[in-house]
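Scroll down for the structure; my scribbles are underneath it.
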Amino acid sequence: MRPRTLQGRYAQTAYLFLIPAILFFAAFFYLPIGNVIATSFRTGPQADQWTGLGNYAQALADPAVRHSFLVTAVFAVMVVVGSIVLGLALALALDQPLKGRVAFRVVLLVPYLTSVAIVGLLWRNILDPELGVLNRVLLALGLPGQQWLNTAPLLTIIAVTLWQNVGYTMVLFLAGLQGIPETYQEAAKIDGADAWKRFWRITLPLLAPTTLFVSVMAVISGLQAFGQAYIITNGGPGDATDLSVFHIFNVAFRARDFGYSSAQSVLLLIVIVAFTLVQLRAGRRGEVTY
Amino acid sequence: MRVLLYGLLGLASLITVVPLLYMVSLSLQTEAETLSANAVLVPDAPQWGNYAELFTRAPFGNFIVNSLVVAGGITLAHLLFDPLVGYVFAKFRFPLRNTLFVALLATAMVPFFVRMIPLYVLMANMQWLNTYQALITPFLMDAFGIFLMRQFIQPIPDDLIHAARIDGASELRIYWSVILPQTRPALAVLGLFTFVFQWNEFLWPLVATTTPEMRTIPVGLTLFNQEYFTLWHLTAAGSVILFVPTAVLFLFTQRYFVRGIALTGLR
């Protein structure tokens, strides 16, 4: 039927253009989300027996699940703090009128565009407690070798993650810094504020929106890290680096327990959404306009 | 002060570059050199044969083709759908517009691991596991890309669209000949980001493939390394093959990447 009004015709065109998108997001987002919730209430090898909140109760009481949440929380927090501090420091350096700025920016961004497979395999080779090239170099120099993947495995994969991601936060902060009008710094200079004071009183408050964005993105990506555990440590030694998504992956595809793993996915999703909303809300309160 | 800044940036660059150079060096070493007690940083004679050996030990040719098909296919789909949907939300008024837009943006908050298990079950039920369809279809479009295109299309004057309508152009024609040509810079950003991220994607190809022949490079390489744990020179050669396309693409288009990150904070 041909709509009579012009508005009706535009609406018809709009929906015609939207058909593929509506089908796609229904089939590959909303249907799976519905399914993961439905499966989380079921148990058994076929995930077909109703258990109500049984999987959730089991997960919340399961020491292995609680441990993986703790590991993931530490990982995410450290990655957030590290990427803010290091990214901001590098961005402040690159914001100065230095020669070769573009080259530095390009080099520092390369690891971000590199697969976690490359990053993981490369650093596992470098840091291997026995055959790693770092140890062979240290020994050749007469220095003691390192055992970081055994003694501080979580810190080690945090450092490797920062190695990959800091260039990204640096670029975000650089854009934020370039958005701050020169006049503020000039005015503060005339009033006699030193560089330290200008950083804390002007630069940092005006960067708040960027810092918020960086922290939201880093929390979200930190909470769903997987490759670092799968490739570098296999979750170990023991369960020291058993990141949540790695844990869920193992429960789903190695233990083949779709009900239990679905419940854990939903729990982790709730944590991520809650974190995001809290951060965005806190950010709105502290927002500055200029 | 200047010295300090150069020191900081220089140190950070060294920490970034040296491991990557070592990866290239490792890929050209003999097996004995990779294990020698005196670490070899520059191989005696570059072993280009390592790259050939890789293809005999694992179906590396398949990995490369699979990665190109999957990342390329997903990128094309994004370039086809994201601007069209972005255009509709930028320029049309229709019932439920805001509801649909919120429902779309909400999907940006859904991390992939939430979809992983149900998508696996769905693909298994459709007998799609271990096929290109399974690897491509869950990523045909996304909220980030659509939002980016909408932001870019919104400032295009409505008068251009009205004028084309008065000239009798069809709606599809208006989109294709009036709107799309103006979005080229945004399409470049969208295409580059989509390709690089899909080229590097790890979790879904790991879950959705069951035979070596269907693996993409990141997954094929990682599982190759688990099987041939000591053959680090070959793992490094595979890493270089995975690394070079994105590195070259990035070097030639780094301005787009930097602008893309700065504008939208993609991913």
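In what follows, every chain begins at residue 1, and chains take the letters A, B, ... in the order their sequences are listed. For clarity, every value in this text was computed on a predicted model and none was experimentally measured.
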Taking it one step at a time, do Leu98(A) and Leu5(B) satisfy side-chain contact (heavy atoms from CB on, under 4.5 Å)?
CA-CA 9 Å; Leu98(A) 296 173; Leu5(B) 290 176; 4.0 Å; yes
With side-chain contact (heavy atoms from CB on, under 4.5 Å) as the criterion, how do Tyr6(B) and Lys99(A) come out once you've worked through the C-alpha distance, each side chain's angles and the decisive distance to 0.1 Å?
CA-CA 9 Å; Tyr6(B) 274 117; Lys99(A) 268 187 195 150; 3.5 Å; yes
Step by step, work out the side-chain contact (heavy atoms from CB on, under 4.5 Å) result for Tyr10(A) and Arg165(B).
CA-CA 11 Å; Tyr10(A) 294 155; Arg165(B) 282 200 182 115; 3.3 Å; yes
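More than 12 heavy atoms of other residues, nucleotides or ligands sit less than 6.0 Å from atom CZ of Phe226(A). For Leu11(B), the CG atom sits in a packed shell: over 12 heavy atoms of surrounding residues, nucleotides or ligands are nearer than 6.0 Å. Heavy-atom contacts from other residues, nucleotides or ligands closer than 6.0 Å to CZ of Arg256(A) number more than 12. Sparse packing is recorded around CD of Gln46(A), with 12 or fewer heavy atoms of other residues, nucleotides or ligands lying under 6.0 Å away.
Heavy atoms only, all atoms of each residue included: Ala89(A) and Leu8(B) are closest at O-CD2, 4.0 Å. Taking each heavy atom of Phe24(A) and Pro138(B) in turn, the nearest pair found is CZ-O, 3.5 Å. Residue Phe25(A) comes nearest to Thr107(B) through the heavy atom pair CE2-OG1, 3.7 Å, listed as atom of the first residue, atom of the second, then distance. Across Val207(B) and Phe253(A), no two heavy atoms sit closer than the pair CG1-CZ, 3.4 Å. The two atoms that bring Thr34(B) and Arg136(A) nearest to each other are O-NH2, 2.8 Å, heavy atoms only.
If you measure heavy-atom distances from Glu201(B) to chain A, you find no contacts under 4.5 Å at all. Contacts of Leu206(B) with chain A are made by side-chain atoms alone, with heavy-atom separations under 4.5 Å and no backbone atom involved. Interface remark: Phe173(A) contributes no atoms to any contact with chain B (heavy atom separation under 4.5 Å). For a residue to count as touching a neighbouring chain, one of its non-hydrogen atoms must lie under 4.5 Å from one of that chain's; by this rule Val266(A) does not touch chain B. Contacts between Val114(B) and chain A at a heavy-atom distance below 4.5 Å involve backbone atoms as well as side-chain atoms. Of the two parts of Val219(B), neither the backbone nor the side chain holds a non-hydrogen atom closer than 4.5 Å to a non-hydrogen atom of chain A. Of the two parts of Leu84(B), only the side chain, counted from C-beta on, holds a non-hydrogen atom closer than 4.5 Å to a non-hydrogen atom of chain A. With a threshold of 4.5 angstrom between heavy atoms, Ile126(A) approaches chain B through side-chain atoms but not through N, CA, C or O. Looking at Phe229(B), the atoms closer than 4.5 Å to chain A (heavy atoms on both sides) all sit in the side chain, from C-beta outward. The part of Thr235(B) that comes within reach of chain A is its side chain, from C-beta onward, which places non-hydrogen atoms under 4.5 angstrom from that chain. Interface residue Phe81(B): only side-chain heavy atoms are found under 4.5 Å from chain A. Contacts of Thr246(B) with chain A are made by side-chain atoms alone, with heavy-atom separations under 4.5 Å and no backbone atom involved. With a threshold of 4.5 angstrom between heavy atoms, Ala247(B) does not approach chain A through any atom at all. In this structure, chain A has a heavy atom under 4.5 Å from the side chain of Tyr120(B), while its backbone stays farther away. Proximity to chain A is absent for every atom of Ala236(B), based on heavy atoms less than 4.5 angstrom apart. There is no contact between Ile174(B) and chain A, counting heavy-atom distances below 4.5 Å. Only the side chain of Asp128(A) comes within less than 4.5 Å of a heavy atom in chain B; its backbone stays farther off. For Glu171(B), the parts sitting under 4.5 Å from any heavy atom of chain A are the backbone and the side chain alike.
The aromatic ring centres of Tyr230(A) and Phe202(B) sit less than 6.0 Å apart.
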List the atom pairs, donor and acceptor, that lie under 3.5 Å between side-chain atoms in residues 116-124 of chain A and the rest of the protein, sequence neighbours left out.
residue: Arg124(A); atom: NH1; partner: Ile231(A); partner atom: O; Å: 3.0
residue: Arg124(A); atom: NH1; partner: Asn225(B); partner atom: OD1; Å: 3.4
residue: Arg124(A); atom: NH2; partner: Asn225(B); partner atom: OD1; Å: 2.6

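With hydrogens and angles ignored, the 3.5 Å screen pairs a side-chain donor or acceptor of Trp163(A) with a backbone N or O of Ile15(B). Between the side chain of Arg115(B) and the backbone N or O of Ile33(A), no donor-acceptor pair lies under 3.5 Å. In this structure, the side chain of Tyr15(A) engages the main chain of Pro95(B) through a donor-acceptor pair within 3.5 Å.
In this structure, Phe92(B) CZ and Thr13(A) OG1 are separated by 5.5 Å, a value rounded to the nearest 0.5 Å. The structure places CG of Leu9(B) at 8.5 Å from CE of Met170(A), a figure rounded to the nearest 0.5 Å. Distance CG/Leu203(B) to CD/Gln224(A): 9.5 Å, rounded to 0.5 Å. Distance check: Phe257(B) CZ to Leu113(A) CG gives 5.5 Å after rounding to the nearest 0.5 Å. Here Phe113(B) contributes atom CZ and Ser244(A) contributes atom OG; the two are 8.0 Å apart, rounded to the nearest 0.5 Å. Separating the CD1 atom in Ile248(A) from the CE atom in Met116(B) is a distance of 6.5 Å, to the nearest 0.5 Å.
Ranked by heavy-atom pairs shorter than 4.5 Å toward chain B, the options Gly34(A), Ala93(A), Ser221(A) are led by Ala93(A). The residue among Ser36(B), Gly238(B), Gly10(B) with the most heavy atom pairs within less than 4.5 Å of chain A is Ser36(B). Ranking Arg105(A), Gln164(A), Gln7(A) against chain B, the residue ahead of the rest is Arg105(A), based on heavy-atom pairs under 4.5 Å. Between chain B and the options Val102(A), Thr276(A), Thr114(A), Leu139(A), the largest number of non-hydrogen pairs under 4.5 Å is found for Thr114(A). Looking only at heavy-atom pairs under 4.5 Å with chain B, the residue among Leu223(A), Ile220(A), Asn125(A), Val107(A) that has the most is Asn125(A). Chosen from Asn35(A), Leu174(A), Val171(A), the residue pairing most often with chain B at heavy-atom distances under 4.5 Å is Val171(A).
Counting heavy atoms from C-beta outward, Pro111(B) and Leu269(A) have side chains that approach closer than 4.5 Å. Using a 4.5 Å heavy-atom cutoff, the side chains of Phe17(A) and Leu172(B) are in contact. Between Ser265(A) and Ile117(B) the shortest side-chain heavy-atom distance falls below 4.5 Å. Looking at Gln254(B) and Leu109(A), their side chains never come closer than 4.5 Å, going by heavy atoms from C-beta outward. Side-chain atoms of Phe28(A) and Leu122(B), non-hydrogen and from C-beta on, do get closer than 4.5 Å to each other.
For the side-chain contact (heavy atoms from CB on, under 4.5 Å) with Ser13(B), the qualifying choice from Leu108(A), Val110(A), Val106(A) is Leu108(A), the only one to do so.
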